[in-house]
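Working notes for the structure below.
What you see below is based on every heavy atom in this structure, not just the backbone, and it leaves out hydrogens, waters and symmetry mates. Worth saying up front: this structure is predicted, and the values here are computed from it rather than measured. Each chain gets a letter, A, B and so on, in the order its sequence line appears, and its residues count up from 1.
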Amino acid sequence: MNRELPKQYDHATAQKRWYAFWEEKGFFHSEPDENKRPFTIVIPPPNVTGALHLGHALNNTLQDILVRHRRMQGFEALWVPGTDHAGIATQAVVERRLFEEENLTRHDIGRDELVERIWSWKAAYEQRILGQLKEMGCSCDWQRTRFTLDPVCARAVRHTFFHMFKDKLVFRGKRLVNWDTMLQTAVSDDEVFHETVPGHFWYFHYPVIDPKPGEPTEVTIATTRPETMLGDTAVAVHPDPAGALDKVEKDLKERLAAASEKQKPEIQAQLDDLAERRKTHLPRLVQLRDMAADGRKLLLPLMNREIPLIADEWAKPEMGTGCVKITPAHDPNDYEVGLRQSLPMISILNLDGTLNEKAGLYAGKTIAEARDAVVADLEKEALLVEVEDREIELAHSDRSKAPIEPLLTDQWFVKMDDLAQTAMDAVSDGRVRITPNRYAKGYHDWLSEKRDWPISRQLWWGHQIPIWFCKTATEEDLKKAFAGRDDVFWYRDEAYGQWLICAQEEDLAEDAVPGHQLTREEDVLDTWFSSAIWPHSTLGWPESTEELKYYYPTSVLITSRDIITLWVARMVLAGLFNVGEIPFHDVYIHPKILDGFGEGMSKSKGNGVDPLDVMEKFGADSLRFGIAYLTTETQDIRMPVEFECPHCQKLIEQTKKNRILPRVKCPFCAGEFSTQWAENPEDKALPRGAVVSDRFELARNFCNKLWNASRFAMMNLEEYSSRPIADEELLVEDRWILSRLATVTDEVTEALDQFKYADAARALYGFAWDEFCSFFVEMVKGRLQDEATRDVAGQVLAYTLDTLLRLLHPMIPFLTEEVWQLLGELAPERGIDSPEPAAESVMIAPWPEVDSKWADAKIEAQFARFQEVLRGVREIRARQGVPPKKAIEFMVRCDAEEAALLEPMKPYFESMAAAHAVGFGPEVAPPALAANVALPGAEIFVDLADLIDVEAEIKKKQEELDKIEGFILGKKKKLENENFVSRAPAVVVEKEREGLVELEEKRDATALALEQLKKQA
RNA sequence: GGGCGAUUAGCUCAGUUGGCUAGAGCGCCACGUUUACACCGUGGAUGUCGGGGGUUCGAGUCCCUCAUCGCCCACCA
């Protein structure tokens, strides 16, 4: 059988062909099998917001590598795929489109219509996302695909909520939340980012009502948000201003003492400021404190409302004027003060960000309008004292990018106290391992704060909270209505004078309680609420199914560091709460992909690389292998980004300037192409320039190398037939490659066990390229042409390739399958001492086991010797510019033992360096004019009488000699050091001694050769 | 402000418990189409391991400190 294989691997067709084959064979599907151990991964469900990016490619590649590895190892491997409804993000995207394309808001079309539109968005993107995963080769069990909003997950969510409600772990309360005025929902602290914007610091006077003689007639306060003064309910001053200042001074002095020279001036300036402040502010603050104690009141300007002057530690005498206005309904800190001091809380804001009737004359204005008006009016009343320019840290919503307003609203919370503790314990007692372990700290720190988890969102896209309110019914009514039902639970919410009724299974009708009206809670649950139960909801919980028992706890969770708290921690506590068992044994936190500037990739920066572009250009295997090769434990993955010119295919470095342009001109061919920013028709008409990274070239080249080595094997295994090979039939190179293979198998298995992807990839890269291709394949060429030696050589070749394919398969699934199938036709049985039929797919072939009988240190040492000599000969050839086809003769002076080892390698010097060995041994007499290379314990001579470049040789030898002398000096110095000899371990000292001897031999040989050459010159 | 991480060849990165004459890929230089592979082969050049101090017989590796960069958390009127 002879086959013509293309010189380059065609990834596109192979990917399609083999993925379909695997799916058809059902290799991805898993069922509980009591004879096998389970290995389970649930996917971190990608948001249905948009297509997958390179970070997802990384995340999923790492998962697939493990799943494929374990599957081959004989585990019953299950990878559960799915997507996340991503409440805020998805609704925001659809709402934005709705507005852009149809100029409609969600209120125009209503809840049902909006939700319907989001479902169709979801359908499109889910398909796209799952399609991308398939293109990458992910071996997910598609029959088990879940969506966080599908009926299975919804049921689990309802059960969780009900369970928590019954245990009084969810509660309703008034809280100051981060209010997104655009999306009109509360967002959690984690969904807020701060941005520095230029702003002002305004100073106002609040008049004192009926000041006594000698007392100040007004209090000065400062604020960055003047409009909030409309909701002020107090002004605070510190209860012990002098003491507070003392404390600040003490702290500053301590810091000054410990500070570096560079920091000192700054701290000193603060101290000076403090001293000044004692003079200018302190007397007045003391006075005000006394007035506060006396129950004095201020007049809130514009509103003409009386507000108290109070003493509270929140007022920092070292800040601003030392007095602070208190707006409990619109500032988190003021809210605390409000609670402490029992102040009224006046919310002046409507949900849409305009002011409400509590803002008096300013009602209906937006915040910005109100701000201007308030400042202008205060100025009119001569109460505006001063305006400073100042940088303000402004909170923004992650999702809508709109500014965040602190707003007092009714929200649902999960009480974190005990739950958080269980999650902390699971990690500290080692039931859940986090790798790399340094991330455990953040996990603990966050959980230990035990902050209640706000779970309600004022959205339409999500799990609607299964709570019904009823104001009018009595407890008796409820008992009667729900008699005998354990899926309904209620309790009285005294603060609002109503019943909170939770239904676990089915929605309650409005008239479920005869004669009373039930209204349902409109809010939906935080997306993380459904994500938190993902590891068990996907496996059929709350039913205690066979599957849940078999696959849960899952084996490992692979995710990125930014959601350790938001997601990982909550999964642990939810798993423990619902199932009574941790959700996973291992958490592996992978690196982040950054661009060439060290910045995270994002569409908004224009530096995002689309995995589809990478796959189109390099192939899925290259994407995967490249990712594995770069995934180390400590470093993020820095990936310089380039445009690929669609005209000349050259790569153009991406800069901060060109990455935001709608069109870019290729500096090589002057052709223009469009980018993601193209908007006008002219730009859009240009061909698109893909954003890629040359970081994947290494992997692409490697795949091609592998392909060609396989091609070579195919071309040479035509008359292959397997038989048991006896030990004595194996040649040095056979034993060597088998020995190396055993070692590499061990390394790769070990590395994958410990999530050391880069180690595994590098070990395989080095073995395949530098050992298998560069040596074994080269050496076996001659033997394959000779009928007498063909059998053994072919069989070792087939076996080694077979094993290598299996080792590489988790990282390079498509190419290895393509080759496996081709190899299967030629060599259906593979092995050395006992050939065995190969599996029908590499995907289900057994993972290679280390057979220690092949590990042979002696052979490896011998082979290393051969490699050194070969390299020495090649070096001489290159140095002397010997034409490649010209055969040369060489000899090696060495001891008899060494000579015996080199003897069998003679033919390989011929084939691999066109060099004929004329003699090995101690009695070798070098010719008068020779180029040499000195090795420890051996010296190579090449007779080059007719073409030697003596000058070049002398120069080289002289350099070499100098270098060796340097090393000798270093070693001698070390060995002459008494302390070294007496204190260092004997092994180390011995090694140094041996090294010195070798160096000295080398030096002598080199010096002699140099002398000889000089004589000739 | 608190925490975590990084800093090694022009670029991107390896470097286990200290024993290093510091490696790889790309790039660079020279030579080369020898039928698996030019997405290749052979050979070559390249580093005060961010700066300073310390521990040690010995430091890229451990400790302190400074500098620069990145990420996370918390934030003051």
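- Nucleotides B:A30 and B:G23 place their C1' atoms 23 Å apart, quoted to the nearest Å.
- Remark: A:K705 fails to qualify as a cation-pi partner of A:Y765 under the 6.0 Å distance and 45° angle criteria applied to the six-membered ring.
- Picking from B:U21, B:C4, B:A77 the nucleotide with the shortest atom distance to the side chain of A:L999 gives B:U21.
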message: As a quick check of understanding, evaluate ring-ring contact (aromatic ring centres under 6.0 Å, His included) for A:Y203 and A:F201, giving each step before the final call.
response: CA-CA 7 Å; A:Y203 290 81; A:F201 206 38; 5.5 Å; yes
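- B:A38 atom C1' lies 14 Å from atom CD of A:E697, rounded to whole Å.
- One cannot find a donor-acceptor pair under 3.5 Å joining the base of B:A74 and the side-chain atoms of A:E449.
- Comparing B:G19, B:G32, B:A77 by their nearest atom to the side chain of A:V988 picks out B:G19.
- Of the C1' atoms belonging to B:A67 and B:C26, the separation is 30 Å, rounded to the nearest Å.
- Along RNA chain B, the nucleotide nearest A:D445 and the nucleotide nearest A:P884 are compared for position; the residue whose nucleotide lies closer to the 5' end is A:D445.
- Distance CH2 (A:W314) to P (B:C75): 10 Å, rounded to an integer number of Å.
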What pairs of nitrogen or oxygen atoms, one from the protein and one from nucleotides 40-43 of chain B, lie under 3.5 Å apart?
| from | atom 1 | to | atom 2 | distance (Å) |
| --- | --- | --- | --- | --- |
| B:C40 | OP1 | A:N701 | ND2 | 3.3 |
| B:C40 | O3' | A:K705 | NZ | 3.2 |
| B:G41 | OP1 | A:K705 | NZ | 3.2 |
| B:G41 | OP1 | A:W769 | NE1 | 2.5 |

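- Counting only N and O atoms by type, the side chains of A:T228 and A:K325 include a donor and acceptor under 3.5 Å apart.
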Polar atoms only, N or O, under 3.5 Å: list the protein pairs with nucleotides 13-15 of chain B and their distances.
| from | atom 1 | to | atom 2 | distance (Å) |
| --- | --- | --- | --- | --- |
| B:C13 | OP1 | A:R638 | N | 3.1 |
| B:C13 | O2' | A:R762 | NH2 | 3.2 |
| B:A14 | OP1 | A:T632 | OG1 | 2.5 |

- prompt: Please, what dot-bracket string fits RNA chain B when only Watson-Crick and G-U pairs with both distances under 3.5 Å count, crossing ones use [ ] and pairs to another strand use |?
  reply: (((((((..((((.....[...)))).(((((.......))))).....(((((..]....))))))))))))....
